[in-house]
Amino acid sequence: MRVALIGVAGSGKTTLGQALAARLGWPFLDADVLHTPASVTQMQSGTPLTDRQRDAWFDRVVAAVAGRDPLVLACSALRRPHRDRMRALGDLRLILLRVPAAELRRRLESRAGHFFDPRLLVSQLEAFDPPAIDEEILEIDATGPAGDVLARLQAAASA
């Protein structure tokens, strides 16, 4: 089984994904580590990635995930075609972490040690394809206490 925590920057994918992986005893992969140094520099400067850059990054994500089972993955997966490619790998549960834009902004502005410039939040929200009903994506409100959110994630991963 693979579980992918998806959503825009600041939704808690990495923090919650690491905690979930620890609880389940599964490996964890943060898709952010698969960005090229040039893309990281670009995002640090507040310039959004192009679709071509996102697609190349996602090729690396799919290659890194293929054959790894079990796995907890933290990955934005903003676009439907990317989520479809992930589902094609089989045995995958997609969980969208929902957080209101104002809270995302607050989190990003208070976050230290990450390359993502908070100014890029607008571009992520614009790029995000809301899940369609046929995608069967579980949506979890990720604004409550981390322990409560983690408990819901663990239940979802085990279902």
Side-chain angles (χ1 to χ4, degrees), residues 1-21 24 26-101 103-105 107-108 111 114-143 149 152-153 156-157 159:
M1 164 65 79
R2 297 179 194 104
V3 174
L5 303 184
I6 66 171
V8 299
S11 60
K13 299 179 302 290
T14 300
T15 301
L16 292 166
Q18 289 171 330
L20 179 62
L24 297 172
W26 295 1
F28 172 75
L29 173 63
D30 185 345
D32 279 349
V33 302
L34 300 173
H35 282 296
T36 65
S39 291
V40 169
T41 299
Q42 180 177 326
M43 287 185 280
Q44 284 173 326
S45 74
T47 304
L49 298 179
T50 65
D51 285 341
R52 176 183 245 177
Q53 289 170 306
R54 280 188 185 113
D55 289 345
W57 164 73
F58 207 77
D59 289 343
R60 292 187 296 278
V61 172
V62 169
V65 170
R68 293 183 70 182
D69 186 359
L71 179 69
V72 175
L73 172 69
C75 180
S76 56
L78 299 176
R79 302 207 182 263
R80 167 85 190 245
H82 293 163
R83 297 188 300 261
D84 289 345
R85 285 186 64 199
M86 287 173 59
R87 267 192 298 281
L89 294 170
D91 203 18
L92 173 74
R93 175 161 294 130
L94 290 167
I95 302 173
L96 173 63
L97 300 176
R98 282 272 185 207
V99 178
E103 175 63 11
L104 291 168
R105 219 174 322 322
R107 289 179 182 184
L108 291 172
R111 178 163 79 171
H114 195 281
F115 63 82
F116 189 87
D117 188 302
R119 294 175 293 176
L120 295 174
L121 177 59
V122 171
S123 68
Q124 285 221 329
L125 293 170
E126 290 172 352
F128 180 64
D129 293 331
I133 193 139
D134 66 315
E135 289 189 86
E136 298 181 7
I137 294 175
L138 177 62
E139 297 186 30
I140 290 185
D141 177 355
T143 58
V149 176
R152 290 194 305 273
L153 287 172

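What you see is a predicted model; the values in this text were computed from it and never measured.
- Residues in residues 60-87 take part in these ring-ring contact (aromatic ring centres under 6.0 Å, His included) pairs, two or more places apart or across chains: F58-H82.
- Residues that satisfy the side-chain hydrogen bond (donor to acceptor under 3.5 Å, both in side chains) test with R60, not counting sequence neighbours, are absent from this structure.
- V8 places a side-chain heavy atom less than 4.5 Å from the side chain of L104.
- Between V72 and G17, the shortest heavy-atom distance links the atoms CG1-O, 3.6 Å.
- Between V3 and L153 the shortest side-chain heavy-atom distance does not fall below 4.5 Å.
- Distance alone, capped at 3.5 Å, is enough to place a donor-acceptor pair between the E135 side chain and the A132 backbone.
- To the nearest 0.5 Å, atoms CG (L34) and OG (S39) are separated by 11.5 Å.
- The main-chain N or O of V99 is never found under 3.5 Å from a side-chain atom of R107 such that the two would form a donor-acceptor pair.
- Taking all atoms of both residues into account, the shortest heavy-atom contact from G46 to P48 is O-CD, 3.7 Å.
- In this structure the side chain of L73 never reaches within 4.5 angstrom of the side chain of R2, judged on heavy atoms.
- At distances below 3.5 Å, not a single donor-acceptor pair connects side-chain atoms of R152 with backbone N or O atoms of A142.
- Using a 4.5 Å heavy-atom cutoff, the side chains of V65 and V61 are in contact.
- The backbone N or O of T14 lies less than 3.5 Å from no partner atom in the side chain of D30, so there is not a single donor-acceptor pair.
- Classification of D59 and R85 as a salt-bridged pair holds, one side-chain N sitting under 4.0 Å from a carboxylate O.
- Between P27 and P70, the shortest heavy-atom contact is CD-O, 3.4 Å.
- Annotation: side-chain hydrogen bond (donor to acceptor under 3.5 Å, both in side chains) contacts of R98 (sequence neighbours excluded): E139.
- For the side-chain hydrogen bond (donor to acceptor under 3.5 Å, both in side chains) test, no residue two or more places apart in sequence or in another chain qualifies with T41.
- The shortest distance between side-chain heavy atoms of T143 and P100 falls below 4.5 Å.
- Under the side-chain hydrogen bond (donor to acceptor under 3.5 Å, both in side chains) criterion, D69 pairs with no residue, sequence neighbours left out.
- L78 CG to S123 OG: the interatomic distance, rounded to the nearest 0.5 Å, is 8.5 Å.
- D129 places a side-chain heavy atom less than 4.5 Å from the side chain of P81.
- In terms of heavy-atom proximity, A64 sits nearest to L29 at CB-CD2, 3.9 Å.
- Looking at I6 and I95, their side chains never come closer than 4.5 Å, going by heavy atoms from C-beta outward.
- Ion pairing between a basic and an acidic side chain is recognised when a charged N comes within 4.0 Å of a carboxylate O; D51 and R79 show such pairing.
- Residues passing the ring-ring contact (aromatic ring centres under 6.0 Å, His included) test with F128, sequence neighbours excluded: none.
- In this structure, CG on L138 lies 10.0 Å from CG on L94, to the nearest 0.5 angstrom.
- Listed for the Q53 side chain is a donor-acceptor partner under 3.5 Å among the backbone atoms of T50.
- Side-chain contact between L89 and V62: present, with at least one pair of heavy atoms (C-beta onward) separated by less than 4.5 Å.
- No side-chain donor-acceptor contact under 3.5 Å links W57 to the backbone of R52.
- Of the N and O atoms on the side chains of S45 and Q42, not one donor lies less than 3.5 Å from an acceptor on the other residue.
- The main-chain N or O of L97 is never found under 3.5 Å from a side-chain atom of K13 such that the two would form a donor-acceptor pair.
- Residue L92 holds its CG atom at 11.5 Å from CD of E136, rounded to the nearest 0.5 Å.
- Between R93 atom CZ and M86 atom CE the span is 13.0 Å, to the nearest 0.5 Å.
- For the atom pair CD1 of I140 and CG of L96, the computed distance is 9.5 Å after rounding to the nearest 0.5 Å.
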